[in-house]
Amino acid sequence: MRKIIAIGGGEIGRPGHKIETKKIDREIIKLTGKKNPKLLFVPTASSDSEGYVSVAQNYFGKKLKCKVDNLLLLKEKISKKDIEKKILSADIVYVGGGNTLKMMNIWKRKGVDKIFKKAIKKGVVFSGLSAGAVCWFKYASSDSKKFYDPKASLIKVSGLNFISAVSCPHYDVEKDRKPELKILMKKTKSAAIALDNCCAIEIVGDNYRIINSKQSANAYKVYWKDKRYFEEKLKKDNKFRPIKELLNY
């Protein structure tokens, strides 16, 4: 049964920043049914940033009492067998933010995408923010090109398709997200789930709910129909609903 918590964005303890997503992250842990679950941190999108790894170790390990391991695909030589062992032995896979396109290309080259498909059937909880949120969807609205050209437009990146929709992170804090998503969706035959920072979609099996760690943070269903553009705010009442409601438009 698939278990996914995709977070639109937020801080987990970078120096000089307050922790913003703890309420959501506790839900990730709760979903495992374990007090001290094994969490595998995957920082591919940040090129295995040492600083990011240190922050995640401190936050998930010391503060939230997880048993933390890292999957470093760029800075360590690791066999496919060992990659699979790390992923399939984890209770939680948490993917960090960064360059989504680069991350997806590396995962496909190393076969990580196929291992993740095994892991989701096994009941591993998949989670993450920003790039680590949108990767679970069929497509992502991504700022990957901006890492090389700050003036570049957002692009559509293919994800793992565990959720048959488009996903857009940082919907409330990055000014180009809303207009660019509107353009992208005109060319895309599906709905999109747009997530504010500190807001997440939690999926358990075929049902979903919207959770947040900041009361003002929201999620939206976005789509075109009959040449009209719709942006529907999703309910935040803790009730699980059929995910097919989000995919139909």
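Here the shortest heavy-atom pairing between Gly61 and Val68 reads N-CG2, 3.5 Å. Heavy atoms only, all atoms of each residue included: Pro169 and Val134 are closest at CD-CG1, 3.5 Å. Considering every non-hydrogen atom in both Cys198 and Ile24, the closest pair reads O-CD1, 3.6 Å. Across every non-hydrogen atom of Cys199 and Ala219, the tightest pair is SG-N, 3.7 Å. Across all non-hydrogen atoms, the minimal contact from Pro15 to Val55 is CD-CG2, 4.1 Å. Contact record, Ile12 with Ala56: CD1-CA, 4.3 Å, taken as the closest heavy-atom pair.
In this structure, Leu184 shares a hydrophobic cluster with Tyr139, Val166, Tyr171, Leu181, Met185, Tyr220, Val222, Trp224, Tyr229, the cluster being traced through Ile, Leu, Val, Met, Phe, Trp and Tyr side chains under 4.5 angstrom apart.
Evaluation of the side chain to side chain contact (heavy atoms under 4.5 Å, CB included) rule for Val173 yields His170, Asn197 as partners, not counting sequence neighbours. By the side chain to side chain contact (heavy atoms under 4.5 Å, CB included) test, Asn248 pairs with Lys244, sequence neighbours left out. When the ring pair (Phe, Tyr, Trp, His ring centres under 6.0 Å) test is applied to Tyr59, no partner is found at least two apart in sequence or on another chain. Partners of Lys108 under the side chain to side chain contact (heavy atoms under 4.5 Å, CB included) rule, at least two apart in sequence or in another chain, are Met104, Asp113, Ser158.
Between the Asn99 side chain and the Ala45 main chain, no donor and acceptor come within less than 3.5 Å of each other. At distances below 3.5 Å, at least one donor-acceptor pair connects side-chain atoms of Lys86 with backbone N or O atoms of Asn70. Between the Lys221 side chain and the Ala194 main chain, no donor and acceptor come within less than 3.5 Å of each other. Under a 3.5 Å cut-off, the side chain of Ser89 and the backbone N or O of Lys85 do form a donor-acceptor pair. Here the side chain of Asn161 pairs no donor or acceptor atom with the backbone of Gly159 at under 3.5 angstrom. Checking side-chain atoms of Asn212 against main-chain N and O of Lys214 turns up a donor-acceptor pair under 3.5 Å. Although no hydrogens or angles enter the test, the distance criterion places a donor-acceptor pair under 3.5 Å between the side chain of Asp237 and the main chain of Lys239. Checking side-chain atoms of Lys236 against main-chain N and O of Ala217 turns up a donor-acceptor pair under 3.5 Å. Under a 3.5 Å cut-off, the side chain of Ser144 and the backbone N or O of Thr100 do form a donor-acceptor pair. Judged by distance alone, the side chain of Ser79 and the main-chain N or O of Asp82 form a donor-acceptor pair under 3.5 Å.
Residues Tyr94 and Val42 are not in side-chain contact: their nearest non-hydrogen atoms beyond the backbone lie 4.5 Å or more apart. The side-chain heavy atoms of Ile78 and Leu72, taken from C-beta on, include no pair separated by under 4.5 Å. Here the side chains of Ile19 and Glu11 are not in contact, with every heavy-atom distance at 4.5 Å or above. Leu39 is not listed as a side-chain neighbour of Asp91, based on a closest heavy-atom distance of 4.5 Å or more. Annotation: side chain of Phe240 is in contact with side chain of Val204 (closest heavy-atom distance under 4.5 Å).
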Test log, rule salt bridge (charged side-chain N to carboxylate O under 4.0 Å, His left out), inputs Lys175 and Glu180 = CA-CA 9 Å; Lys175 64 181 182 179; Glu180 293 273 1; over 6 Å; no
Let me see the working for Arg2 and Asp206 under salt bridge (charged side-chain N to carboxylate O under 4.0 Å, His left out), right down to the final yes or no.
-> CA-CA 8 Å; Arg2 64 180 168 181; Asp206 293 324; 3.6 Å; yes
Are Ile92 and Ser127 close enough, and set up right, to give a side-chain contact (heavy atoms from CB on, under 4.5 Å), and what steps lead you there?
-> CA-CA 7 Å; Ile92 299 166; Ser127 59; 3.6 Å; yes
Run the numbers on Lys102 and Ser47 for side-chain hydrogen bond (donor to acceptor under 3.5 Å, both in side chains), then give the verdict.
-> CA-CA 9 Å; Lys102 180 179 179 180; Ser47 300; 2.6 Å; yes
Lys81 vs Glu84, salt bridge (charged side-chain N to carboxylate O under 4.0 Å, His left out): CA-CA, chis, key distance, verdict | CA-CA 5 Å; Lys81 183 178 178 181; Glu84 185 163 346; over 6 Å; no
Dump the intermediate steps for side-chain contact (heavy atoms from CB on, under 4.5 Å) on Lys235 and Arg241, then the final yes or no.
-> CA-CA 10 Å; Lys235 292 181 179 178; Arg241 293 177 167 82; 3.2 Å; yes
Worked verdict on Ile203 versus Phe126 for side-chain contact (heavy atoms from CB on, under 4.5 Å) = CA-CA 10 Å; Ile203 296 167; Phe126 284 106; over 6 Å; no
Trace of the side-chain hydrogen bond (donor to acceptor under 3.5 Å, both in side chains) decision for Tyr223 with Glu232 | CA-CA 9 Å; Tyr223 59 97; Glu232 299 172 359; 2.3 Å; yes
Evaluate salt bridge (charged side-chain N to carboxylate O under 4.0 Å, His left out) for Arg177 paired with Asp196, printing each intermediate quantity in order.
-> CA-CA 10 Å; Arg177 290 289 177 176; Asp196 289 348; over 6 Å; no
Run the numbers on Leu234 and Asn218 for side-chain contact (heavy atoms from CB on, under 4.5 Å), then give the verdict.
-> CA-CA 7 Å; Leu234 299 176; Asn218 293 295; over 6 Å; no
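In this structure, Phe41 has its ring center at least 6.0 angstrom away from the ring center of Phe60.
Ring-plane geometry between Phe162 and Trp136 is classed as parallel, the angle between the planes falling under 30 degrees on a 0 to 90 degree scale with a further cut at 60.
In this structure, Ile120 CD1 and Ile87 CD1 are separated by 12.5 Å, a value rounded to the nearest 0.5 Å. The distance from the CG atom of Leu74 to the OG atom of Ser49 is 11.5 Å, given to the nearest 0.5 Å. Between atom CD1 of residue Ile163 and atom NZ of residue Lys138 there is a gap of 13.0 Å, rounded to the nearest 0.5 Å. We find the CG-CD1 distance between Leu73 and Ile83 to be 5.0 Å, quoted to the nearest 0.5 Å. Taking CG of Leu247 as the start and OG of Ser190 as the end, the distance is 8.5 Å to the nearest 0.5 Å. Put simply, CG on Leu71 and CD on Glu76 are 8.5 Å apart, with the number rounded to the nearest 0.5 Å.
Note on Ile211: it does not cluster hydrophobically with Ile201, by side-chain heavy-atom contacts below 4.5 Å among ILVMFWY residues.
Counted within 6.0 Å of NZ on Lys75, heavy atoms from surrounding residues, nucleotides or ligands total more than 12; the atom is thus considered enclosed. In this structure, Lys38 places its NZ atom where only 12 or fewer heavy-atom neighbours from other residues, nucleotides or ligands lie under 6.0 Å away. For Lys145, the NZ atom is loosely surrounded, since the number of other residues' heavy atoms within 6.0 Å does not exceed 12.
Identified under the ring pair (Phe, Tyr, Trp, His ring centres under 6.0 Å) test for residues 195-219, with sequence neighbours left out: none.
Ion pairing between Lys30 and Glu202 fails under the 4.0 Å rule for side-chain N and carboxylate O.
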